[in-house]
Trainee: 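Take this structure first; my questions come after.
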Amino acid sequence: MTTHLPPAAYPATRMRRNRLTDWRRRLTRQTEVSVNDLILAMVVHDGTQSRIPVASMPGTYRYSRTEAVAVAQEAESLGVPMIAVFPFIDPALKNGEGSEAFNPDGLVPDVVSAMKKAAPNVGLMTDVALDPFTDHGHDGLIDDAGTMLNDPTIAALVRQAVLEAQAGADVVAPSDMTDGRIGAIRAGLDAAGFQDVAIMSYAAKYASAFYGPYRDAIGSKGALKGDKKTYQMDPGNSDEAIREVGLDIAEGADMVMVKPGMPYLDIVRRVKDAFGVPTYAFQVSGEYAMMEAAIANGWLDGSRVRMEALACFKRAGADGIITYWALEAAKKLGERP
Ligand code: PBG
């Protein structure tokens with residue numbers, strides 16, 4: 001922050017003057033959420049039931065292919081720029097290698113191509129990580145002790161990313177935190193002719209308990225053996241986030257993400273200030289769940305708290321927010337005068 005002259009004291013200075021009316025508040029407001037800042041997070045499944053409610057995330061669903069297409073069209077008509085798609089994979093298709101992730105006729109390629117066709121003007125972002133597909137719930141390949149293997153995992157992620165690009169993904173988003181995967185995925189995409197497919201890197205992703213409801217939503221919760229602390233970051237670290245983000249940018253990330261969101265806004269601010277690149281925050285499942293639980297109990301006013309939470313990401317320096325609330329927020333923003 002720039003410091004200018006020492007402020008004149010009261011009574012010459014009355015801070016409340018700029019707050020006295022709605023128009024003054026609007027005129028002096030520094031940051032604001034717009035529909036252009038929203039990335040819809042959504043989960044898809046391969047069954048026929050159009051919407052399967054996710055118990056720990058009231059108001060969110062696992063969408064069927066048909067319903068996912070309808071949601072993409074709705075997002076497009078509301079002006080939401082991008083959708084992040086996450087799969088719920090049939091447990092019978094999971095194994096140690098996550099091989100269903102490489103099935104060209106699998107759920108993700110199928111749904112993504114259908115969404116792309118039906119709603120060509122909304123960006124589609126796909127997750128690059130094996131956890132929805134592995135029976136052990138880890139983001140990559142593991143050794144006998146359960147530790148994720150770095151380099152073999154990278155090779156798998158490159159295959160997965162290229163397959164997603166072939167299906168029509170505009171942005172691939174590696175959410176796994178192995179070292180070196182951004183450069184390898186960039187090279188793999190380029191070699192396959194996908195120079196224009198962008199990479200949003202989950203660059204500073206923490207080993208957080210706030211992901212609990214998501215693992216519920218994609219069905220990996222019971223499956224997860226151990227934890228993800230050997231690849232995701234320690235919540236106590238801040239300088240390490242700067243190193244992680246710097247490496248991913250050097251390897252070719254077009255956009256970087258901090259995750260979780262609201263408890264990590266200090267990291268968002270540091271990353272934005274340090275690099276000045278397109279920076280996103282993921283308002284994760286646990287943040288959604290705790291606010292919705294309080295709203296359902298009447299302890300928080302949902303109509304206000306959801307938008308306030310999104311606005312805080314912008315104030316912290318985020319260029320956009322990945323959120324399960326994107327459609328509701330877009331509608332609400334559309335109501336403004
Ligand atoms: C894993 C992945 C996770 C999320 C997105 N991709 C969870 C995890 O690391 O276990 C979390 C999303 C959320 O909590 O909303 N590749």
Side-chain angles (χ1 to χ4, degrees), residues 38-44 54-62 82-89 94 98 100-101 108 125-142 146 148 150 153-154 156-157 160-161 164 169 171-178 181-182 185 199-235 244 256-264 280-293 309-310 313 320-326:
L38 302 171
I39 300 171
L40 171 66
M42 70 181 282
V43 177
V44 297
V54 178
S56 52
M57 299 175 69
T60 72
Y61 306 88
R62 294 174 193 150
M82 188 158 78
I83 302 176
V85 180
F86 300 95
F88 172 93
I89 298 296
K94 298 186 185 187
E100 180 61 15
V108 172
M125 179 164 96
T126 49
D127 192 47
V128 183
L130 299 185
D131 57 316
F133 307 92
T134 53
D135 56 12
H136 46 68
H138 282 288
D139 290 22
L141 306 170
I142 56 172
M148 196 162 79
N150 199 84
T153 293
I154 291 180
L157 298 177
Q160 185 186 20
E164 292 170 350
V171 179
V172 295
S175 65
D176 59 292
M177 292 296 282
T178 49
R181 88 280 201 218
I182 300 300
I185 290 170
I199 300 178
M200 181 187 289
S201 144
Y202 285 66
K205 176 170 177 178
Y206 287 83
S208 169
F210 283 100
Y211 309 146
Y214 169 85
R215 293 178 188 164
D216 203 11
I218 67 154
S220 73
K221 193 172 202 154
L224 183 62
K225 284 199 194 127
D227 56 47
K228 300 191 176 184
K229 291 179 185 169
T230 72
Y231 41 107
Q232 299 177 347
M233 286 176 52
D234 189 290
E244 282 283 6
V256 297
M257 189 206 297
V258 173
K259 181 182 175 189
M262 209 151 74
Y264 292 79
Y280 300 83
F282 198 142
Q283 184 186 51
V284 299
S285 57
E287 299 172 56
Y288 178 94
M290 65 184 182
M291 278 189 270
E292 285 299 333
L310 294 174
F313 288 99
I321 308 121
I322 298 146
T323 173
Y324 298 91
W325 277 324

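This structure is a prediction, so every number in the text was calculated from the model and none was measured. Just so you know, ligand 1 is whichever comes first in the structure, and atom 1 is the first atom listed for that ligand.
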Trainee: With rounding to the nearest 0.5 Å, note down the distance linking CZ in F88 to CZ in R62.
Mentor: 4.0 Å
Trainee: Name the closest protein heavy atom to atom 8 (C) of ligand 1, giving the residue it belongs to and the distance to 0.1 Å.
Mentor: K228 NZ, 3.3 Å
Trainee: Roughly how far, to the nearest 0.5 Å, is the CD1 atom of I142 from the OH atom of Y231?
Mentor: 8.5 Å
Trainee: Show me which atoms of ligand 1 lie under 4.0 Å from any heavy atom of A129.
Mentor: 16 (N)
Trainee: Can you check whether V172 reaches I185 side chain to side chain, under 4.5 Å on heavy atoms?
Mentor: yes
Trainee: H138 pairs by side-chain contact (heavy atoms from CB on, under 4.5 Å) with which of L130, D227, D131, L224?
Mentor: L224
Trainee: Could you walk me through whether D139 and L157 pass side chain to side chain contact (heavy atoms under 4.5 Å, CB included), step by step?
Mentor: CA-CA 9 Å; D139 290 22; L157 298 177; over 6 Å; no
Trainee: Calculate, to the nearest 0.5 Å, the distance between atoms OG and CD belonging to S175 and Q232 respectively.
Mentor: 8.0 Å
Trainee: What part of S285, side chain, backbone, both or neither, has a heavy atom within less than 4.0 angstrom of ligand 1?
Mentor: both
Trainee: Quick one: nearest non-hydrogen protein atom to atom 5 (C) of ligand 1, plus distance?
Mentor: K259 NZ, 2.7 Å
Trainee: Can the positive tip of K205 be found less than 6.0 Å from the middle of the six-membered ring of F282, inside 45° of the ring normal?
Mentor: no
Trainee: List the closest protein heavy-atom neighbour of atom 2 (C) of ligand 1: residue, atom name, distance to the nearest 0.1 Å.
Mentor: K205 NZ, 3.2 Å
Trainee: Please list, in number order, the atoms of ligand 1 under 4.0 Å from a heavy atom of R215.
Mentor: 8 (C), 9 (O), 10 (O)
Trainee: Check step by step if side chain to side chain contact (heavy atoms under 4.5 Å, CB included) holds for K259 and Y211.
Mentor: CA-CA 10 Å; K259 181 182 175 189; Y211 309 146; 3.4 Å; yes
Trainee: Below 4.0 angstrom from a heavy atom of Q232, which ligand 1 atoms are there? Numbered from 1 as shown, please.
Mentor: 8 (C), 9 (O)
Trainee: With heavy atoms under 4.0 Å as the rule, classify the contact between F282 and ligand 1 as side chain, backbone, both or neither.
Mentor: side chain
Trainee: At a 4.0 Å cut-off, with the gap strictly under it, does some heavy atom of E287 reach an atom of ligand 1?
Mentor: no
Trainee: Which of these, V258, I321, I39, sits in a side-chain contact (heavy atoms from CB on, under 4.5 Å) with Y280?
Mentor: I39
Trainee: Looking at ligand 1, does any of its N/O atoms fall within less than 3.5 Å of an N/O of Y202?
Mentor: no
Trainee: Nearest protein heavy atom to atom 15 (O) of ligand 1, by residue and atom, and its distance?
Mentor: Y324 OH, 2.6 Å
Trainee: Could you see which bit of D131 sits under 4.0 Å from ligand 1, with heavy atoms only: side chain, backbone, both or neither?
Mentor: side chain
Trainee: Under 3.5 Å, N or O to N or O, is Q283 touching ligand 1 that way?
Mentor: no
Trainee: Looking only at protein heavy atoms, which one is nearest to atom 16 (N) of ligand 1, and what is the separation?
Mentor: S175 OG, 2.7 Å
